[in-house]
Every structure is written in structure tokens, then in C-alpha cells.
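This report concerns only the one structure given below.
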Protein chains: 2
Amino acid sequence: MNTRMADNVREALEQMIVTGEFADGERLDEIRLAERFHVSRTPLREAFQMLAASGLVELVPRRGAFVRHPAFHEMIEMFEVMAELEAVCGRLAARRIPPDVLEQVRATVIACEAAAHAGDSDGYYRENEHFHQLIYTASGNDFLAQESQRLHKRLQPFRRMQLRVRGRMIQSLTEHRQILTALETGDSETAEAVLRDHVAVQGGKFNDLMASYKQSNLRANPQLVAMRG
Amino acid sequence: MNTRMADNVREALEQMIVTGEFADGERLDEIRLAERFHVSRTPLREAFQMLAASGLVELVPRRGAFVRHPAFHEMIEMFEVMAELEAVCGRLAARRIPPDVLEQVRATVIACEAAAHAGDSDGYYRENEHFHQLIYTASGNDFLAQESQRLHKRLQPFRRMQLRVRGRMIQSLTEHRQILTALETGDSETAEAVLRDHVAVQGGKFNDLMASYKQSNLRANPQLVAMRG
DNA sequence: GTCAAACGTTTTGTATACAAGAATTCGATT
DNA sequence: AATCGAATTCTTGTATACAAAACGTTTGAC
């Protein structure tokens, strides 16, 4: 629980948006939401500002705040950028990673494998998040780590759509191993290439993601997408 | 002039911050600024939110809004990310650029050279901006273009510090030519490599930038940087 | 002289009031 | 029946009021 109500409201709304409680283009009613959260319009509007900054809603002057789910092609674009950012993190990390962080990566890869074999999907998810977080940090560039983390978080609701298939999970573990080895041997080219492919949406992943997207509550409204020319 | 006062105030404050009118860590006084801009605290606080989202100020709960100039090493990190983003844009653009955009790049490179030879530094600056903007767009990834543009804008006040030296300008023009050729021939590796080096702060550029940074009004307060552990 | 506690002042965060701009309704006209 | 426009209702943007938290200062104890 935060000291500022505006922050609490932002978190609550963020959760509601990424779990698909609002349709794309839906207007966030200030008065209704203010009543629901037992706050006035002031902190609510501050929350809107923050949500707009992270791209979850669009603020249209004199019209209101509208939730904004990415179109499929926009999501693919975001994953492409994520893949490139992680590739850069990997390349830099291979050269810069300190021994203690490398040890943490090693431990996380092992924990990830253990969770996978135990069928502990929550554990797997958590360790996988940690793995990527560590790669960001290992880049030795705090700004890069921060930006990567930001996009990672934004893609979180869509990443859940991926990796459900059993075969993908095994491939993912193999790639973790490859990345670890590349970091251990300082092989920046391999770290870069494997991380890019690890994150990129391509081949079979593309079709899986598309199928999941179509079924999800986070679809964009084609009508509205057409107007964003 | 914008319809919302909050937006006007944000623009004005942004300008004041990037021109160094506030010292690092200085608190933005709501009451004083409200009087100065002839608005109430409400739109002013909305402006603070937006500035915080773009990293120009830090919002500390129950304390206020404090301007945040990057430390030198933070600035270097941002340039490193910018170089990598532009490198990615270049790689993708070499494969995806449409003929009409390629033509625009060609025209911009020529205009840039003309401005340089004419000693028209404002013209040079404008055409150079346009050149980079085109590379972002040419990537064919709107999200990447948008993120690149965002960081580009954030680095604008610091980029002015670079490129003042005459030799740098000539080198820069040569690199533009190399990038154009790479795009024309679809040589993604070269486009990527040249763009990375074009933007990266390395070699002599590092020292020039450091010297300018030290003299500028956009320095971070070392006391405060130390506390950001 | 140093430290700390209590008081008063300043400043932030939130609620509320109000004006101007959008949206909607409903009737008039073609 | 469809369309235009005026009147009404809603909604946003901004000002202002007020409570609670942070800050500074004075006072007092050791």
C-alpha cells in the first residue's frame, strides 16, 4: 500500500487494463472510477497521466482517457524491439559481466530447469523473469537495463500467451544454456544471436502468438486501428 | 499554443530544464511557478507528471519535484543505447526501406552537405535531424521509430555539445554517405556498423563531450549522484 | 555546545467548486 | 424518413479550499 492514492489507483487500473477488463478504445469514466476507488477525480487524473506515459491509455484533450490495446502488428513490432534490446544486453554482458552476476545467472538457469522438470510453471515463470532481469543488469549499462525492463514489463501480458506449448519450453531451456555458455566464454556474437532468436517472435512462435492474441481480451479494435493512420 | 494549460506549462518547463535554468536536484516550487505561469497548481502538477515520465524531473512523494540532470556516465550510457537503436534501425532499413524514402534520404544527405559547405550550421543541424528521423522511419518498425525518436529528443541538449569541431562535421558527412550507400545496396551489416559508430561516443568524441559537459549547465550534482546508489 | 522536543510554518496531496467545451436529445424542416 | 440545429446534459480542465505530512526554528535539558 502506497502513501499516495494516485499511485494505488494507477496500479489498480494498470492491473485491470492488462487483464483485459476494458475493451480497446473504451473510455475510462472519471466519475465512475472515482466512486469505485473512493477517491476524487484529482488522484484519478494523475493516474491517467502515468498510464498514458506507459502507453496503456491515450489521453485525448477535452475527450478523456481511452484504453489502448496494441494491434497484432504493433505487438510484433514491440517484440522485435525487445529482441534487439536483449541482443544488445547479451553482447555487452558477454564482455562486461562480473563473476558474481555470472554465478547468479548460472544458478537461475539451473533453477529454471528444475522448475520446468518439476512441472512448476509458476516457479519456471519466476526464474525465467529473473534470468532476463540478470541479463539486463549484466550489460553494465544501467540505462539500457532500465529501458529493457520497462519494455519487458509492458510485454508481460503478451508474453504469457507464448511459451505455453511444451516443446517451446524445452527449446527455451536449451537457449538459456547456450546463452550461459556464451557469457562464460565471453562470446559476445553468440550471446547476441541466441538472445535475439530467444526473444524474437518467428517461425512457429508467430502462429502460436497470433492464435492466442485472437482469443485474448487484449485485442485492438480494428475500426480504431484503421483510424490511427 | 495548446488548448490545455498543462501542456503549455510542460513545454515551457521542459525548455527551461534543458537549457539549464535549474541546477541538478533543485526543487520546482509549485506556488512560485504557478504564479509565474499564471495558472493554478493543478495544471502545474500535471506538467510535473509528464516531465517525470520523460525523466527530466524526479517526483519524490510528499517532498516535491526535483530536476534531474544525468551524470556524465549516465549520459554516456544513453548515447550507447542510442547508438545501438540507430544501428538496429539501419540494419532493418537496409532491408526494408521503400524507394521513395530512400530518395528522401539521398536528398537529405545532399542538403546536409550543401549546408555544411555553406557554413549554414542551423541548416546543417536541421537536415541532420531529418536524416536520422528518416532512418528511424525507414526501419519499417513504427514502435522502434517512436522509441528512437524519444531517446533522440532526450539527448538533443547533449548532442549540441558534440559536433562543434570542424573535423567532426566532415567525418559525419562521410558517414552519411556510407550509410546512404549501404541502404542503396541493401548492405545491412555496413548500415548497422556505420550508424553505430556514427552515433557512439568514442575516441576523440568522448573527450570533446566530456569537456563540453563540464562547462555546461546540465551537470549533475556529484553529491546527489553518490546518493543514487 | 550539542542534542532533542515542541511549536509554528510551509508544502504536498486530495476534495470540491465552477466554467468552458463536447456530446446528446429532441424538435423542426425538407 | 433523414438531416440539421438549438437546447440540455455530461464531461473535462482549472481554480480553490483544506487536511496531513515535512520542514525549520525556537526552546529547553544535559
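In what follows, chains carry the letters A, B, and so on, assigned in the order in which the sequence lines appear, proteins first and then strands, with residues in each chain numbered from 1.
An OP1 or OP2 oxygen of dA21(D) is reached within less than 4.0 angstrom by no side-chain nitrogen or oxygen of R4(A). Residue S40(A) places at least one side-chain N or O under 4.0 Å from the OP1 or OP2 atom of dA15(C). For dG13(C), the OP1/OP2 oxygens have a side-chain nitrogen or oxygen of R45(B) closer than 4.0 Å. Residue R63(B) places at least one side-chain N or O under 4.0 Å from the OP1 or OP2 atom of dC23(D).
In this structure, E46(A) and R62(A) both approach DNA chain C, and ranking their closest nucleotides by distance from the 5' end singles out E46(A). In terms of position on DNA chain C, the residue among T42(B) and G64(B) whose nearest nucleotide sits closer to the 5' end is G64(B). Each of A65(A) and P43(B) has a nearest nucleotide on DNA chain D; the 5'-most of these lies closest to A65(A).
Taking every side-chain heavy atom of V39(B) into account, dA15(D) is the closest of dA15(D), dA21(D), dG13(D).
In the interface, the side chain of R41(A) is paired with the base of dG13(D) through a donor and an acceptor atom under 3.5 Å apart.
Between F66(A) atom CZ and dA22(C) atom P there is a gap of 12 Å when expressed in whole angstrom units. Atom CZ of R32(B) is separated from atom C1' of dT11(C) by 13 Å (rounded to the nearest Å). In this entry the distance linking CD1 of I31(A) with P of dA15(C) reads 14 Å, nearest Å. To the nearest angstrom, C1' of dC10(D) lies 14 Å from CD of E35(A). In this entry the distance linking CG of L33(B) with C1' of dT11(C) reads 13 Å, nearest Å. For the pair E58(B) CD and dT12(C) C1', the interatomic distance rounds to 16 Å; values are reported in whole Å. Following rounding to the nearest Å, N8(B) (CG) and dG13(D) (P) show an atom-to-atom distance of 13 Å. In this structure, CD of Q49(B) is placed 16 Å from C1' of dG13(D), rounded to the nearest angstrom.
F131(A) and H176(A) have parallel rings, their planes meeting at less than 30° on a 0 to 90° scale where 60° marks the start of perpendicular.
Remark: R36(B) CZ is loosely packed, at most 12 non-hydrogen atoms of other residues, nucleotides or ligands lying under 6.0 Å away.
Distance alone, capped at 3.5 Å, places no donor-acceptor pair between the Q149(B) side chain and the Q146(B) backbone.
Salt-bridge annotation for R168(B) and D208(B): present, with a side-chain N of the basic residue lying under 4.0 Å from a carboxylate O of the acidic one.
The aromatic ring centroids of F143(B) and F79(A) lie 6.0 Å or more from each other.
Within the nucleic acid shown, R27(B) comes within 4.0 Å of sugar-phosphate atoms alone, with no base atom in reach, counting heavy atoms only. Heavy atoms of E30(A) sit under 4.0 angstrom from primed sugar atoms or phosphate atoms, though from no base atom.
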